[in-house]
Amino acid sequence: MSMLPIPVILDCDPGHDDVMAILLAAYSKELDLKAITTVSGNGPIDKVTQNALRFCTLAGLGNIPIAQGATHPLIGQSHAATEIHGESALDGVDLPASTIVLSQLSAVQLMASIIADSPAPVTIIATGPLTNVAQLLTNHPELHSRIRSISIMGGGTERGNWRPLAEFNIWFDPEAADIVFSSGLDIHLCGLNITHQVLITPEIFLRLENIDSHLSRRIVPLMKFFAHAYDTTFNMPEPPLHDPIAVLMVSRPELFTFAHVPVAIEKDGTHTRGATVIDLHGVTNTPKNAYVAIGLDVPAFWDLMIDAVAAISE
Ligand code: RIB
Ligand code: CA
């Protein structure tokens, strides 16, 4: 029996891996992508929003509403990841001018409207800092029962990236992450322990180049920029494609192994602020508040990701 597609909202900070998450979400028949919302993270809000509008124009995804969200974290200022994503937050190719009109609603307003009106509970997929999601949960407690799940790319069971023990999305807004992880809602988390297994290798580049479509001819240079940035910054010539994994957790959960465990967000540590403290062995006797990915069928992901790029024409 075919299940009805799951209504999802993708909250992102495009971002090279974010745009690949957009493609996978739009392509996945298990999902109904209701909206894309943007949040300051990889770049300032105006840049990541322009990137979402221009990339969706390129990919022919003009039918998906796009709304702009938070300009900065709940506490403190923005920190663009220009080392990884460049000045535009999506360097590597000249994207077409946008033909999509940005929603008049804010990200939180659009999220709330979709969730309130949806006949079925909505899943939020978050591939950037959790500022918008935290504001939604805080401002709309009446909608919590209409949220099916929150699927997050962030943190990890081992080391960090932006800080030695903190991953960028969580580090950017730890207060927001704490609100989300304390919400009591269903949370699925894919961290660096998983996404660092999902590497754009020369073989993946060849598969992308062999598609040879209007879209793939722009995806390849984007990913080449991303690879060079990762090589220069982290000495990783094969970059991890983080964000589409948060989409895959919703569309194909059977490809994962999850551990239902306590996850705490460090907000105060001098050297550890932004860390996800994941209690894999239950030593803290605290509530199990998240399903944390600890295994993934990586080849199956790549087959779906390549199919998504090939299937979505200009
Ligand atoms: O740490 C990786 C995450 O931070 C990804 O979502 C990437 O796009 C950046 O937002
Ligand atoms: Ca991102």
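As the structure lists them, so they are numbered: ligands from 1, and atoms in each ligand from 1. Source: prediction; values computed, not measured. We number each residue from 1, following the sequence as shown. These values consider heavy atoms only, across backbone and side chains, with no hydrogens, waters or symmetry-generated copies.
In the vicinity of Glu167, heavy-atom distances shorter than 4.0 Å reach the ligand 1 atoms 1 (O), 2 (C), 3 (C), 4 (O). Every atom of ligand 1 is numbered from 1 in the order shown, and the set under 4.0 Å from a heavy atom of Asp17 is 5 (C), 6 (O), 7 (C), 8 (O). Shown in contact with Asn42 at under 4.0 Å from a heavy atom are these atoms of ligand 1, numbered in order with element: 7 (C), 8 (O), 9 (C), 10 (O). Close approach of ligand 1 to Asp13 (heavy-atom distance below 4.0 Å) involves ligand atoms 10 (O). Close approach to His242 involves these atoms of ligand 1, each under 4.0 Å from a residue heavy atom: 2 (C).
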**OP:** Show your working on ring-ring contact (aromatic ring centres under 6.0 Å, His included) between His79 and Trp171 and close with a plain yes or no.
**Re:** CA-CA 10 Å; His79 311 264; Trp171 171 84; 4.7 Å; yes
Original post:
After noting the C-alpha distance and the side-chain angles of Asp46 and Thr49, does the key distance pass the side-chain hydrogen bond (donor to acceptor under 3.5 Å, both in side chains) rule?
Top reply: CA-CA 5 Å; Asp46 56 326; Thr49 303; over 6 Å; no
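Salt bridge Arg148/Asp186: absent, no basic N to carboxylate O contact under 4.0 Å.
At least one N/O-N/O distance between Thr127 and ligand 1 falls below 3.5 Å.
In this structure, the protein non-hydrogen atom closest to atom 4 (O) of ligand 1 is Asn169 OD1, 3.2 Å. Closest protein heavy atom to atom 6 (O) of ligand 1: Asp243 OD1, 2.5 Å.
Inclusion of Asp13 in the first shell of the Ca ion (ligand 2) is supported: an N, O or S atom falls under 3.0 Å. The Ca ion (ligand 2) has no N, O or S atom of Asn169 inside 3.0 Å of it.
Aromatic ring pairs are classed by plane angle as parallel below 30°, tilted from 30° to 60° and perpendicular above 60°; the pair His188 and Tyr291 is parallel. Aromatic ring orientation, His16 versus Phe225: parallel (interplanar angle below 30°, classes split at 30° and 60°). Ring geometry for Phe256 versus Phe258: interplanar angle under 30°, hence parallel rather than tilted (30 to 60°).
A donor atom on one side chain and an acceptor atom on the other are not found under 3.5 Å apart for Ser149 and Thr123.
Here the angle centred on the Ca ion (ligand 2), running from OD2 of Asp243 over to OD2 of Asp18, is 70°, rounded to 10°.
Side chains of Glu142 and Ile115 form no contact here, defined as non-hydrogen atoms less than 4.5 Å apart.
Residue His144 qualifies as enclosed at atom NE2: its count of foreign heavy atoms under 6.0 Å is above 12.
Proximity of Asp18 to ligand 1, defined as any heavy-atom pair under 4.0 Å, is confined to the side chain (atoms from C-beta onward). Under 4.0 angstrom from ligand 1, there are no non-hydrogen atoms of Thr195.
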